[in-house]
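This structure is a prediction, so every number in the text was calculated from the model and none was measured. Residues take their numbers from the sequence shown, with the count starting at 1.
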Amino acid sequence: MLQVPGATSYIGCIGKDKFGEEMKKNAHAAGINAHYCEDENAPTGTCAVCIVGGERSLIANLSAANCYKSEHLKEPENWALVEKAKIIYIAGFFLTVSPDSIQLVAEHSAATNKVFMMNLSAPFICEFYRDVQEKALPYVDYIFGNETEARTFAKVRGWETENVEEIALKISQLPKASGTHKRITVITQGCDPVVVADDGKVKTFPVILLPKEKLVDTNGAGDAFVGGFLSQLVREKSIDECVRAACYAANVVIQRSGCTYPEKPDFN
């Protein structure tokens with residue numbers, strides 16, 4: 001979305017195998033500065049995808065993705081990426097892998113007034129990894145999720161509401177470790193409007209509606225949404241512009257097979 005090679009860095013764990021090489025090659029081709037931890041014993045994670053009529057089911061074999069250690073993050077060349085970053089985003093799935101890495105980055109962000117962001121990622125994270133999620137949450141300036149994840153988050157905490165706008169507002173008002181940035185909650189609802197809770201107020205934004213026959217594959221829609229959002233946030237655009245870019249990016253991805261995108265965005 002930014003079309004600036006090297007503007008985005010990425011850290012994760014792969015195996016020393018052909019899929020790992022594929023990951024490195026593709027990251028480089030996309031202009032991403034990837035610093036992978038390469039595990040000697042586990043293969044690179046893979047995922048089987050079944051798509052029927054636009055609906056999907058995934059079976060992930062996490063393998064090396066489950067083996068990341070904070071020692072890799074602490075290596076000077078990798079920690080330098082954290083120090084250089086203006087905005088840091090970590091998927092909620094990583095709470096199951098290396099919560100101590102998340103805590104290191106979260107505390108650094110709060111101490112240096114950086115923007116720290118996470119995703120609810122999946123209902124099971126909210127349900128079974130509540131303790132580590134709870135520990136990271138005070139540091140989160142922007143939290144993303146979908147309506148199912150938001151409702152599970154609320155249910156686990158005993159909030160007696162299924163209203164997504166109300167839940168988004170309550171999440172945004174949970175305690176924060178640093179007062180530099182307020183927390184903004186962004187919840188997607190498929191083809192229903194995006195809900196944004198910011199500074200005690202809730203706004204909704206319509207998504208780009210797509211005829212059913214154009215929907216190919218919803219894989220990567222949530223990640224593309226966040227990517228589009230970040231592309232404008234880093235340019236210091238308004239929340240309205242960030243959501244517009246997010247909806248654009250998600251709309252592009254769901255019209256293509258796999259997590260793919262055209263060479264150049266036509267977002268303007």
Side-chain angles (χ1 to χ4, degrees), residues 1-13 27 30-37 68-121 125 129 132-145 168 171-187 196-200 222-243 245-246 249:
M1 287 287 283
L2 286 174
Q3 295 289 294
V4 181
T8 304
S9 294
Y10 178 87
I11 292 178
C13 190
I32 294 166
N33 176 28
H35 281 219
Y36 288 114
C37 169
Y68 189 82
K69 303 285 184 293
S70 58
E71 286 72 29
H72 177 263
L73 181 65
K74 292 171 187 171
E75 288 172 16
E77 62 171 329
N78 300 325
W79 188 251
L81 294 180
V82 178
E83 291 188 320
K84 195 179 170 189
K86 292 179 184 172
I87 292 175
I88 297 170
Y89 170 74
I90 302 180
F93 288 120
F94 200 59
L95 287 166
T96 71
V97 177
S98 183
D100 55 332
S101 296
I102 293 177
Q103 218 54 31
L104 279 170
V105 173
E107 287 169 15
H108 164 81
S109 299
T112 53
N113 296 332
K114 292 179 177 179
V115 175
F116 181 66
M117 320 172 91
M118 283 193 78
N119 200 308
L120 295 176
S121 284
I125 301 283
Y129 291 87
V132 282
Q133 188 184 56
E134 208 96 294
K135 206 174 166 193
L137 207 58
Y139 297 91
V140 180
D141 301 311
Y142 285 79
I143 185 108
F144 297 89
I171 293 173
S172 73
Q173 292 168 336
L174 288 169
K176 282 198 93 256
S178 153
T180 312
H181 307 288
K182 56 195 175 178
R183 182 182 300 109
I184 295 174
T185 312
V186 185
I187 306 293
V196 178
D198 174 12
D199 211 14
D223 296 313
F225 181 92
V226 174
F229 191 98
L230 288 175
S231 75
Q232 301 310 300
L233 189 71
V234 83
R235 296 173 67 205
E236 299 180 351
K237 299 287 187 183
S238 67
I239 294 293
D240 296 39
E241 273 302 282
C242 293
V243 173

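- Shortest non-hydrogen contact noted between G228 and A245 is O-CB, 3.3 Å.
- When side chains are defined from C-beta on, E83 does not count as touching T112, because their heavy atoms never get closer than 4.5 Å.
- Of all heavy-atom pairs spanning A136 and V140, the tightest one is O-CG2, 3.5 Å.
- Closest heavy-atom contact between S121 and F93: OG-N, 3.3 Å.
- Distance check, rounded to the nearest 0.5 Å: CD of Q103 to OH of Y139 gives 5.5 Å.
- With values rounded to the nearest 0.5 angstrom, S101 atom OG is found 10.5 Å from N78 atom CG.
- Rounding to the nearest 0.5 angstrom, the gap separating the CG atom in L81 from the CG atom in N33 is 5.5 Å.
- Heavy-atom minimum distance, S178 versus A110: CB-CB, 4.1 Å.
- No donor-acceptor pair closer than 3.5 Å links the side chain of S172 to the backbone N or O of T185.
- Taking a 6.0 Å sphere around CD of E236, one finds it holds 12 or fewer heavy atoms contributed by other residues, nucleotides or ligands.
- Classification of the F144-Y142 ring pair by plane angle, with boundaries at 30° and 60°, yields parallel.
- When side chains are defined from C-beta on, Y36 does not count as touching H72, because their heavy atoms never get closer than 4.5 Å.
- Distance CD1/I125 to CG/N119: 10.0 Å, rounded to 0.5 Å.
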Residue pair I239, F229: steps toward the side-chain contact (heavy atoms from CB on, under 4.5 Å) verdict: CA-CA 8 Å; I239 294 293; F229 191 98; 4.1 Å; yes
Could you go through L2 and R235, starting from their C-alpha distance and side-chain angles, then the distance that decides it, and tell me whether this counts as side-chain contact (heavy atoms from CB on, under 4.5 Å)? CA-CA 9 Å; L2 286 174; R235 296 173 67 205; 3.8 Å; yes
Apply salt bridge (charged side-chain N to carboxylate O under 4.0 Å, His left out) to the pair D141 and K114, showing each step before the final yes or no. CA-CA 9 Å; D141 301 311; K114 292 179 177 179; over 6 Å; no
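- To the nearest 0.5 Å, atom CE of residue M117 and atom CG of residue L233 are 5.0 Å apart.
- Nearest heavy-atom pair, I187 versus A168, reported as atom, atom and distance to 0.1 Å: CG1-CB, 4.1 Å.
- For the atom pair CG of L137 and CZ of R183, the computed distance is 4.5 Å after rounding to the nearest 0.5 Å.
- Checking side-chain atoms of Y68 against main-chain N and O of L73 turns up a donor-acceptor pair under 3.5 Å.
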